Amino acid sequence: MANVNLTINGIAVSVPTGTTILDAAKSAGVRIPTLCAYEGMGPHASCRLCIVNVKGDDKEKLACAVKVAEGMNVTTDSPELFDLRKATLTEMFRQHKVDCHHCARVGGSRIEDLDPWFCE
């Protein structure tokens, strides 16, 4: 299988064709936040925390769902992306049920306590 060459946060990365931006970033030691992409589970592209910028594209991309392309230049961290992620997470908590059985079981609703296997 051929490799695809791209740049993530200025780091040159070479990964097999068909690799997602998220997995390419992991291979380069670059952390992209996500709640819905877990090993062994297909990407749900639902939490929207893994948004990244791809040079030349007008809209942010979801790193868990977008495959890498030759010459792609990806930025995973910027003040704009931080603000978008913060707004997304804030909205998640705004919609979070206060009477959630999981939160009652663990004693709170901190982000560290969220369990995607349990939460609806």
Side-chain angles (χ1 to χ4, degrees):
M1 182 178 278
N3 275 359
V4 175
N5 299 299
L6 68 150
T7 305
I8 302 175
N9 294 345
I11 301 168
V13 182
S14 183
V15 294
T17 302
T19 303
T20 64
I21 295 172
L22 183 63
D23 288 335
K26 284 180 187 175
S27 75
V30 176
R31 185 185 167 280
I32 298 175
T34 182
L35 288 175
C36 70
Y38 285 93
E39 204 169 310
M41 292 174 60
H44 294 285
S46 59
C47 77
R48 303 194 58 81
L49 291 180
C50 68
I51 56 172
V52 297
N53 286 328
V54 175
K55 188 174 184 178
D57 287 351
D58 293 340
K59 296 178 84 175
E60 292 81 17
K61 303 294 182 198
L62 298 178
C64 71
V66 174
K67 308 287 186 199
V68 297
E70 186 64 36
M72 188 180 264
N73 188 342
V74 179
T75 302
T76 67
D77 195 20
S78 70
E80 294 81 16
L81 289 173
F82 178 84
D83 289 345
L84 288 169
R85 288 178 182 138
K86 182 178 178 181
T88 298
L89 197 55
T90 299
E91 183 62 15
M92 280 183 205
F93 276 107
R94 189 186 71 73
Q95 295 178 13
H96 188 74
K97 294 185 214 172
V98 176
D99 64 345
C100 170
H101 297 290
H102 171 73
C103 292
R105 180 172 51 96
V106 298
S109 60
R110 298 175 312 162
I111 188 67
E112 302 88 38
D113 296 332
L114 289 180
D115 181 353
W117 293 99
F118 187 87
C119 294
E120 298 173 11

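Keep in mind the model is a prediction, meaning the values are calculated, not measured.
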Could you check whether any side-chain heavy atom of [X] comes within less than 4.5 Å of a side-chain heavy atom of [Y], counting everything from C-beta outward?
X: Leu49; Y: Leu89; answer: yes
X: Thr34; Y: Cys47; answer: yes
X: Val52; Y: Ile32; answer: yes
X: Ile51; Y: Arg85; answer: yes
X: Ile21; Y: Val54; answer: yes

Run the side chain to side chain contact (heavy atoms under 4.5 Å, CB included) test on Val15 and Leu6 for me, step by step, so that the C-alpha distance in whole Å, both residues' side-chain angles and the decisive distance to 0.1 Å come before the verdict. CA-CA 8 Å; Val15 294; Leu6 68 150; 4.0 Å; yes
Residue pairs, two or more places apart or on separate chains, that pass salt bridge (Lys or Arg N to Asp or Glu O under 4.0 Å) and touch residues 65-82: none
So Asn9 and Thr75, side chain to side chain contact (heavy atoms under 4.5 Å, CB included) or not? Walk me through it. CA-CA 5 Å; Asn9 294 345; Thr75 302; 4.1 Å; yes
Evaluate side chain to side chain contact (heavy atoms under 4.5 Å, CB included) for Leu81 paired with Asn53, printing each intermediate quantity in order. CA-CA 8 Å; Leu81 289 173; Asn53 286 328; 3.9 Å; yes
Nearest heavy-atom approach of Val13 to Ala28 is CG2-CB, 3.6 Å
Quick check: closest heavy atoms across Val68 and Ala24, and the distance to 0.1 Å? CG1-CB, 3.9 Å
CZ (Arg48) and CD (Glu91) are apart, to the nearest 0.5 Å, by 12.5 Å
Tell me every residue that passes side chain to side chain donor-acceptor pair (under 3.5 Å) with Asn73, counting only those two or more places apart in sequence or in another chain. none
Using the side chain to side chain contact (heavy atoms under 4.5 Å, CB included) rule, take Cys64 and Leu22 through it: C-alpha gap first, then chi angles, then the decisive distance, then the call. CA-CA 5 Å; Cys64 71; Leu22 183 63; 3.9 Å; yes
